[in-house]
Amino acid sequence: MGIIIKPIVTEKMTVQGEKLNRYGFIVDRDANKLEIKAAVEQMYNVTVASVNTINYHGKRKSRYTKAGMLKGRTNHFKKAYVALVGDDKIDFYANI
């Protein structure tokens, strides 16, 4: 499995991509900023200015069903916000 798992395509990230030239990705939890920068530059052929990362801890969830109470948790994951240099752009919809 690669370092970049999937891009974050939401309204908020789309606006940041258009105005601030920042894009979000779900990345491998063990990846550091230098590895994320190299992976984005290689995959999208752009120049990365900066990388900010955020670790999310999975939340505990419970729900009531006919079979009783089910308990579990959501997955841990790591987000990376990548700022690009100059006029570089990433088009997530080019492959559709």
Side-chain angles (χ1 to χ4, degrees):
M1 181 156 74
I3 292 177
I4 297 175
I5 297 173
K6 65 180 180 179
I8 300 171
V9 182
T10 60
E11 289 182 36
K12 183 176 181 180
M13 288 309 305
T14 304
V15 170
Q16 283 191 11
E18 292 170 357
K19 293 184 179 180
L20 302 175
N21 212 14
R22 290 183 63 174
Y23 299 91
F25 298 94
I26 303 291
V27 296
D28 184 26
R29 290 180 57 209
D30 296 328
N32 61 26
K33 292 181 181 185
L34 297 175
E35 294 171 343
I36 295 167
K37 178 180 178 178
V40 171
E41 287 178 345
Q42 180 185 5
M43 184 176 286
Y44 295 105
N45 296 321
V46 294
T47 305
V48 174
S50 66
V51 177
N52 295 5
T53 58
I54 303 169
N55 282 309
Y56 282 91
H57 186 71
K59 296 179 182 177
R60 296 190 185 275
K61 299 279 186 173
S62 62
R63 63 181 177 192
Y64 296 98
T65 64
K66 284 184 179 179
M69 188 165 172
L70 298 177
K71 294 182 181 180
R73 67 168 182 79
T74 59
N75 292 332
H76 306 293
F77 62 96
K78 185 175 195 175
K79 280 186 188 178
Y81 294 114
V82 176
L84 302 182
V85 173
D87 295 334
D88 287 346
K89 298 284 182 194
I90 296 176
D91 186 12
F92 295 124
Y93 303 109
N95 297 344
I96 296 177

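In what follows, every heavy atom counts, from backbone to side chain, and hydrogens, waters and symmetry copies are set aside.
To the nearest 0.5 Å, the span separating OG1 on T14 from NZ on K19 amounts to 12.0 Å. Atom NZ in K71 sits 7.0 Å away from atom OG in S62 (nearest 0.5 Å). Residue T74 holds its OG1 atom at 12.0 Å from OH of Y56, rounded to the nearest 0.5 Å. Going from atom CG of N75 over to atom CZ of R29 covers 9.0 Å, rounded to the nearest 0.5 Å.
The closest side-chain heavy-atom distance from N21 to K89 is below 4.5 Å. The closest side-chain heavy-atom distance from Y93 to V9 is below 4.5 Å.
Judged by distance alone, with hydrogens and angles left aside, the side-chain atoms of H76 form a donor-acceptor pair with the main-chain N or O of G58 at under 3.5 Å. A donor-acceptor pair under 3.5 Å is absent between the side-chain atoms of D88 and the main chain of V46, judged by distance alone. Side chain of E35 to main chain of N32: a donor-acceptor pair is present (N/O by atom type, distance under 3.5 Å, no hydrogens or angles).
Smallest separation of non-hydrogen atoms from T53 and K78: CB-CE, 3.8 Å. Residue N52 comes nearest to R22 through the heavy atom pair ND2-NH2, 4.1 Å, listed as atom of the first residue, atom of the second, then distance. Here the closest non-hydrogen pair linking G2 and D28 is O-CB, 4.3 Å. Taking both residues in full, the closest heavy atoms of V51 and K37 are given as CG2-CB, 4.1 Å, listed atom of the first, atom of the second, then distance.
Each of V40, I5, I36 was scored for a side chain to side chain contact (heavy atoms under 4.5 Å, CB included) with F25, with one residue passing: V40.
The hydrophobic clustering, which links ILVMFWY residues whose side-chain heavy atoms are closer than 4.5 Å, places F92 and V15 apart. By the rule that hydrophobic residues join a cluster once side-chain heavy atoms approach within less than 4.5 Å of another member, I3 and L34 end up as members of separate clusters. Hydrophobic cluster membership is shared by M43 and V48, with clusters built from Ile, Leu, Val, Met, Phe, Trp and Tyr side chains linked at under 4.5 angstrom.
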Stepwise, does the side chain to side chain contact (heavy atoms under 4.5 Å, CB included) test hold for M13 with Y81? CA-CA 9 Å; M13 288 309 305; Y81 294 114; 3.5 Å; yes
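In D87, the CG atom is not crowded: 12 or fewer heavy atoms of neighbouring residues, nucleotides or ligands sit closer than 6.0 Å.
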